Amino acid sequence: MRRTAPYMTAIQETNYWLTTTEIPAADPHRALPDSVDVAIIGAGFTGLSAALALARRGLRVAVLEARTIGWGASSRNGGMVLTGLKLPVPTLIQRYGLEKVRAMYAASLDSIDLVESIVGEEKIDCDFLRCGHLEVACKQSHFTGYAESAARIKREFGHDLRIIPRSELRQEIGSDLYFGGMVDESSAGVNPARYVAGLAHAAHRAGASLHDRAEVTAVVGETKNGSQQYLVCTSRGALTAREVLLATGAYTADVAPELRRKIIPIGSYIITTGVLPDALARELSPRNRMIYDSKHFLYYYRLTPDNRMLFGGRAAFFPETESTVRQSAQILRRGMISVFPQLRESKVEYVWGGTLDFAFDVMPHAGAVDGMHFALGYAGHGVAAATWMGTKLASIICGEKPDLPFADIPFPTPPIGLRSGNTWALPLAGAYYKVLDWLT
């Protein structure tokens with residue numbers, strides 16, 4: 001019989017972040033309101049930030065969540081509050097033009113400030129810290145490109161990045177695997193479960209009505225007294241709303257079939273070690289950065305506030321299941337040891353997975369479908385981007401001039417086999433990116 005390695009014997013298939021806080025639960029006996037100004041479907045960063053902004057302005061808001069508050073990616077991610085977008089700046093400029101990309105990049109910087117502002121104003125205890133992020137180069141060619149990238153970002157957007165040569169990289173990371181790095185001091189770290197719980201409490205205090213285990217089964221547009229409204233049917237009853245905001249990300253269901261077809265649900269998985277000695281933790285990450293590498297099939301990692309190494313990646317492209325979560329623990333541990341041999345004897349205590357919402361063009365998108373507002377496609381940048389998008393959509397609902405640079409860009413539909421609900425081709429996509437990493 002094959003024996004389990006000692007460093008895996010105590011592992012729990014549990015989201016570590018959820019052990020650090022209590023997610024608020026709505027009163028299961030509380031009835032839905034008969035009518036609201038805005039019904040928000042989904043209680044993650046997008047939905048709750050929108051609810052907070054709308055309730056602050058005095059609108060009647062109901063947040064409808066199929067599971068529990070923050071159940072999806074909002075509580076399962078690595079807690080990295082990152083600047084920038086997923087795609088390289090030259091690719092973005094070639095695709096959308098310089099002025100549009102300037103607005104996109106400014107939005108990414110504003111989104112960090114917004115998270116920091118909400119955390120401060122609402123006194124959310126979520127370990128928010130402006131610690132900066134470090135991108136590490138897996139190949140010399142990747143590092144060579146950093147200088148050009150940093151110079152262009154400074155020239156076009158006025159934003160400073162710092163290049164770290166290989167000879168100085170030990171000041172940033174306790175690994176000799178990489179060819180250099182690039183630091184952005186504006187990024188931050190957060191405990192995402194505490195942050196989403198804090199957003200929920202803040203929205204409730206502002207007057208929003210939160211309802212968990214209220215799966216939306218249908219949304220029907222109707223006209224009453226000459227005005228458009230929506231009948232929102234849930235597993236706990238129905239309500240009418242003047243506006244509907246879809247904030248369901250990778251978990252978008254058939255309530256919005258046109259939107260669901262646009263989403264590529266990609267699994268991302270995370271392990272954490274036990275609590276590390278202070279000296280070892282400081283050796284691994286001397287400046288406590290949010291760190292990710294330069295591959296397409298990347299790893300991302302950081303220290304948690306209690307000195308665990310959190311190590312994540314696309315261990316399997318399929319959305320999370322019990323089997324993919326178990327398999328990912330071994331895959332990610334091997335990756336962690338390749339980066340940090342110092343952790344060879346450290347036990348892995350937690351493993352969990354979640355599903356990210358990618359669009360086919362790897363861009364965030366916002367707008368309206370069938371008259372309902374939406375935002376999604378954060379592709380791993382959701383802590384900041386989703387907060388910003390939810391807040392902006394709230395402003396649009398309140399009649400302000402739209403200033404969403406992601407609202408009027410093309411939104412391509414992925415091929416069959418990559419779409420949500422029909423993902424048989426995702427392993428092929430994963431294999432493609434692995435080959436691409438080898439070639440480039």
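Just so we're clear, the structure is a prediction, and the values are computed from it rather than from any experiment.
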Side-chain contact, heavy-atom cut-off 4.5 Å: [X] with [Y]?
{"X": "Leu59", "Y": "Glu243", "result": "no"}
{"X": "Pro415", "Y": "Phe360", "result": "yes"}
{"X": "Ile270", "Y": "Asn77", "result": "no"}
{"X": "Met309", "Y": "Leu343", "result": "yes"}
{"X": "Val325", "Y": "Tyr269", "result": "yes"}
{"X": "Tyr299", "Y": "Val136", "result": "no"}
{"X": "Cys398", "Y": "Leu54", "result": "yes"}
{"X": "Phe311", "Y": "Val339", "result": "yes"}

What's the spacing between [X] [atom1] and [Y] [atom2] if we round to 0.5 Å?
{"X": "Ile41", "Y": "Leu246", "atom1": "CD1", "atom2": "CG", "result": "5.0 Å"}
{"X": "Leu298", "Y": "Ile291", "atom1": "CG", "atom2": "CD1", "result": "13.0 Å"}
{"X": "Glu148", "Y": "Ile163", "atom1": "CD", "atom2": "CD1", "result": "11.0 Å"}
{"X": "Asp184", "Y": "Met290", "atom1": "CG", "atom2": "CE", "result": "12.5 Å"}
{"X": "Thr46", "Y": "Tyr378", "atom1": "OG1", "atom2": "OH", "result": "3.0 Å"}
{"X": "Gln342", "Y": "Ser175", "atom1": "CD", "atom2": "OG", "result": "7.0 Å"}

[X]/[Y] aromatic ring centres below 6.0 Å:
{"X": "Phe45", "Y": "Tyr195", "result": "yes"}
{"X": "His142", "Y": "Phe179", "result": "no"}
{"X": "Phe340", "Y": "Tyr301", "result": "yes"}

State whether the number of non-hydrogen atoms from other residues, nucleotides or ligands found under 6.0 Å of [X] atom [atom1] is greater than 12.
{"X": "Gln140", "atom1": "CD", "value": "yes"}
{"X": "Gln94", "atom1": "CD", "value": "no"}
{"X": "His204", "atom1": "NE2", "value": "no"}

I'd like to know if the side chain of [X] and the backbone of [Y] have a donor-acceptor N/O pair within less than 3.5 Å.
{"X": "Trp352", "Y": "Arg76", "value": "yes"}
{"X": "Ser149", "Y": "Tyr146", "value": "no"}
{"X": "Thr248", "Y": "Gly42", "value": "no"}
{"X": "Arg333", "Y": "Arg344", "value": "yes"}
{"X": "Lys295", "Y": "Cys138", "value": "no"}
{"X": "Ser75", "Y": "Gly70", "value": "yes"}
{"X": "Asp370", "Y": "Met372", "value": "no"}
{"X": "Asp212", "Y": "Ala26", "value": "yes"}

Checklist entry - Yes or no on side chain to side chain contact (heavy atoms under 4.5 Å, CB included) for Asp361 and Arg95, after CA distance, side-chain angles and deciding distance? => result CA-CA 10 Å; Asp361 57 1; Arg95 187 184 290 181; 3.4 Å; yes
[X] to [Y] - nearest heavy-atom pair and separation:
{"X": "Ala206", "Y": "Leu52", "value": "CB-CD1, 4.1 Å"}
{"X": "Arg302", "Y": "Val190", "value": "NH1-O, 3.0 Å"}
{"X": "Ser49", "Y": "Ala386", "value": "OG-O, 3.6 Å"}
{"X": "Gly84", "Y": "Tyr105", "value": "CA-CE1, 4.1 Å"}
{"X": "Pro24", "Y": "Ala200", "value": "CG-CB, 3.7 Å"}
{"X": "Ser187", "Y": "Thr83", "value": "OG-N, 3.2 Å"}

Checklist entry - side chain to side chain contact (heavy atoms under 4.5 Å, CB included) between His159 and Ser186: does it pass, once the steps are laid out? => result CA-CA 9 Å; His159 185 65; Ser186 296; 3.2 Å; yes
Residues in side-chain contact (heavy atoms from CB on, under 4.5 Å) with [X], at least two apart?
{"X": "Arg205", "answer": "Glu122, His201, Ala202"}
{"X": "Ala43", "answer": "Leu48, Val63, Glu65, Ile69"}
{"X": "Arg162", "answer": "Ile164, Glu172, Val183, Glu185, Arg289"}

Go through the side-chain N and O atoms of [X] and [Y] and say whether any donor and acceptor fall under 3.5 Å apart.
{"X": "Tyr300", "Y": "Ser268", "answer": "yes"}
{"X": "Thr21", "Y": "Asn191", "answer": "no"}
{"X": "Asp306", "Y": "Tyr16", "answer": "yes"}

Checklist entry - Pick one: which of Ile173, Leu276, Thr273 meets side-chain contact (heavy atoms from CB on, under 4.5 Å) with Leu284? => result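 Among the candidates, only Leu276 passes.
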Next on the checklist: My understanding is that only one of Met363, His365, Lys392 makes a side-chain contact (heavy atoms from CB on, under 4.5 Å) with Phe406; could you say which?
Outcome noted: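 Going through the options one by one, the only one that passes is Met363.
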Item to check | From CA spacing to verdict: side chain to side chain contact (heavy atoms under 4.5 Å, CB included), Phe157, Arg102 | outcome: CA-CA 6 Å; Phe157 312 134; Arg102 278 180 174 156; 3.6 Å; yes
Item to check | Arg130 vs Asp113, salt bridge (charged side-chain N to carboxylate O under 4.0 Å, His left out): CA-CA, chis, key distance, verdict | outcome: CA-CA 10 Å; Arg130 288 267 194 169; Asp113 295 338; 2.6 Å; yes
Item to check | Worked verdict on Met104 versus Ile409 for side chain to side chain contact (heavy atoms under 4.5 Å, CB included) | outcome: CA-CA 11 Å; Met104 292 176 174; Ile409 60 176; 3.9 Å; yes
Item to check | N-O pairing of Arg166 and Asp176 below 4.0 Å | outcome: no
Item to check | Parallel, tilted or perpendicular: rings of Trp71 and Tyr251 (30°, 60°) | outcome: perpendicular
